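Reminder, nothing fancy here: chain letters follow the sequence lines and each chain counts from 1. Being a predicted model, the structure only gives us computed values, none of them experimental.
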2 protein chains.
Amino acid sequence: MSENIPADQSIDAARVPEDAITASILAAVAEHRLPAGTKLGEQALSDLFACHRSNVRRALTSLAAQHVIELQPNRGAFVATPSPEESREVFEARRTIERTLARLAIKRARPEDIAEMRRLTVQEAEARARSDKPAELRLSRAFHMQLSVIAGNSVLRQFLTELTLRTTLILGLYGDRGSSSCAKDEHGPIVDALEARDEARLVALIDEHLAHLEAGLDFDCPANRAMTLAEQLIPQRPL
Amino acid sequence: MSENIPADQSIDAARVPEDAITASILAAVAEHRLPAGTKLGEQALSDLFACHRSNVRRALTSLAAQHVIELQPNRGAFVATPSPEESREVFEARRTIERTLARLAIKRARPEDIAEMRRLTVQEAEARARSDKPAELRLSRAFHMQLSVIAGNSVLRQFLTELTLRTTLILGLYGDRGSSSCAKDEHGPIVDALEARDEARLVALIDEHLAHLEAGLDFDCPANRAMTLAEQLIPQRPL
DNA sequence: TCGCCAAAGATTGTCGACAAAATTTGTTAG
DNA sequence: CTAACAAATTTTGTCGACAATCTTTGGCGA
């Protein structure tokens with residue numbers, strides 16, 4: 001018997017070059033290293049990953065299907081730039097799905113699941129303490145994804161995979177200013193409610209958490225998009 | 001100014017061959033013309049649509065991303081065969097999403113929206129009266145999709161597009177026997193509740209409707225999959 | 001007669017080359 | 001000095017051919 005191959009794409013260590021490309025781009029977007037609007041040229045990527053351009057092409061179409069990038073005919077691939085309207089819809093969809101995931105998770109969470117959630121909140125707090133933004137983003141996303149794993153519905157889990165990524169893009173575009181967003185530890189109380197099997201409290205906390213995230217967005221000041229040359233070459237002085 | 005091109009793929013009349021292929025396969029699956037497990041050969045499709053094999057390839061990867069077909073490496077593309085577990089998850093996801101869509105639709109439905117819903121139920125009843133299964137399936141799906149259009153959230157609408165298709169596949173595999181499923185007009189009362197802006201009733205009706213569909217599944221008797229040669233050549237007599 | 005192995009055929013996957021389109025660069029006129 | 005036009009370059013899209021893999025067919029021996 002041959003070993004089972006995990007269906008989900010894990011960061012790095014990919015079986016085929018196509019997966020390495022998608023994983024790298026996904027990770028870069030998830031950690032705010034690739035700003036919205038960045039052009040992803042085919043040749044640049046095929047050079048980087050030392051593979052044929054057809055692999056790059058497949059990876060890009062796959063990412064486009066997840067709304068992580070946008071394909072413009074005869075123009076190329078760009079990191080997606082969600083509109084304010086789209087952002088609203090993404091948050092609404094997230095609330096819907098995470099509410100259900102929370103209810104499911106309450107019924108199924110085992111002690112080790114809760115311990116894993118707790119561990120993620122601790123690691124996230126550590127990352128925040130040392131101002132490691134990429135790790136913080138990654139762990140925050142992992143927290144929400146872990147909830148979907150516990151819930152045990154792979155369809156909803158896959159939807160949430162896409163939605164959390166799009167949320168990260170949105171935060172990069174419209175949020176993160178004013179130290180709002182994930183400043184405090186909002187995940188800790190969520191684990192508490194999950195451990196207490198307090199469904200009403202858990203759902204309320206998640207709703208609040210997502211509402212808080214969304215309320216922190218500022219659509220009038222869309223910074224953090226792909227920088228032009230001028231912005232990159234003429235650095236504005238820090239306050 | 002050039003005209004805007006509708007982003008959603010409509011049946012037939014496609015801009016590029018790739019869209020024609022995806023639309024045709026989607027329509028065939030949505031009307032139970034393509035049973036689960038059917039092999040979709042690349043050359044067969046490129047002959048049918050008189051296009052290059054690369055177009056077929058793109059169409060197939062797109063369909064695989066929507067879980068309508070399954071791509072097996074070095075083996076080819078097959079119409080997806082959802083497992084009982086996957087079926088349960090799809091229905092759970094549908095309930096979650098349609099509940100929210102119902103609540104949103106109540107807030108936004110205009111008179112002409114309700115008229116359109118009513119019109120779809122009438123057409124569906126007519127199709128059922130003349131035993132036009134494909135039209136019935138198509139119109140039933142259109143009913144649910146129209147609810148998502150009224151709700152005005154394109155993210156959730158796209159999720160539902162995928163879920164309704166997968167549901168149709170599931171019904172073809174495990175359902176439709178014993179004249180259950182869409183035998184009665186369950187859509188009519190839904191429109192009534194929507195028109196009355198009765199949120200509790202609307203949500204309850206949709207929950208019931210989906211639960212009824214799911215309850216009609218029979219996982220022990222997975223008929224209607226891709227027929228083997230023997231099944232196709234030796235017809236069993238009708239009762 | 002049944003099961004196993006090998007060859008032939010068909011299908012999928014990969015690659016490089018060319019065509020089409022867009023972007024950039026350079027030039028010239030106003 | 002600016003704007004507009006044209007050439008050159010870069011980038012994307014398409015195609016056909018070949019390699020790798022799987023499936024089927026035919027043959028052999030137990």
Side-chain angles (χ1 to χ4, degrees), chain A residues 1-5 7 9 14-23 25 34 37-65 68-81 225-233, chain B residues 1-3 5 7 9 14-22 25 34 37-65 68-81 225-233:
Chain A
M1 305 289 176
S2 66
E3 297 177 38
N4 265 350
I5 299 163
Q9 55 211 352
R15 183 155 294 272
V16 287
E18 173 190 343
D19 293 341
I21 303 171
T22 47
I25 294 179
L34 269 181
T38 307
K39 162 135 195 191
L40 301 171
E42 295 184 359
Q43 190 161 329
L45 289 172
S46 64
D47 289 349
L48 258 178
F49 290 90
C51 65
H52 196 265
R53 201 157 59 93
S54 57
N55 294 319
V56 174
R57 231 148 205 296
R58 258 199 304 284
L60 292 178
T61 58
S62 165
L63 291 168
V68 174
I69 69 173
E70 189 184 352
L71 289 179
Q72 298 183 22
N74 286 322
R75 298 262 343 265
F78 302 83
V79 177
T81 305
R225 78 179 81 191
M227 282 188 284
T228 83
L229 254 197
E231 291 170 314
Q232 289 183 313
L233 292 183
Chain B
M1 309 286 176
S2 67
E3 298 178 39
I5 299 164
Q9 55 210 350
R15 181 155 298 270
V16 286
E18 175 190 342
D19 293 342
I21 301 172
T22 47
I25 294 179
L34 269 181
T38 307
K39 162 135 195 191
L40 301 171
E42 295 184 358
Q43 189 161 331
L45 289 171
S46 64
D47 288 349
L48 258 178
F49 290 90
C51 64
H52 195 266
R53 200 156 60 91
S54 57
N55 294 318
V56 174
R57 233 151 203 301
R58 260 200 302 285
L60 291 178
T61 58
S62 164
L63 291 167
V68 174
I69 69 173
E70 188 183 353
L71 289 179
Q72 297 183 21
N74 286 322
R75 299 260 343 266
F78 302 84
V79 177
T81 305
R225 79 180 81 191
M227 284 189 282
T228 83
L229 253 198
E231 292 171 314
Q232 290 184 313
L233 293 183

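- Listed here is the closest heavy atom pair of B/Glu42 and B/Leu60: CG-CD1, 4.2 Å.
- A search for salt bridge (charged side-chain N to carboxylate O under 4.0 Å, His left out) contacts involving B/Arg75 returns nothing, not counting sequence neighbours.
- The shortest non-hydrogen separation linking A/Glu18 to A/Ala59 is O-CB, 3.8 Å.
- The salt bridge (charged side-chain N to carboxylate O under 4.0 Å, His left out) test applied to B/Glu70 returns no partner, not counting sequence neighbours.
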Reading nucleotides 10-21 of chain C from the 5' end, what letters show protein touch, with B for base, S for backbone sugar-phosphate only, - for no heavy atom under 4.0 Å?
-SBBSBBB---S
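- Partner of B/Leu63 under the side chain to side chain contact (heavy atoms under 4.5 Å, CB included) criterion, chosen from B/Leu71, B/Leu40, B/Ile21, B/Thr22: B/Thr22.
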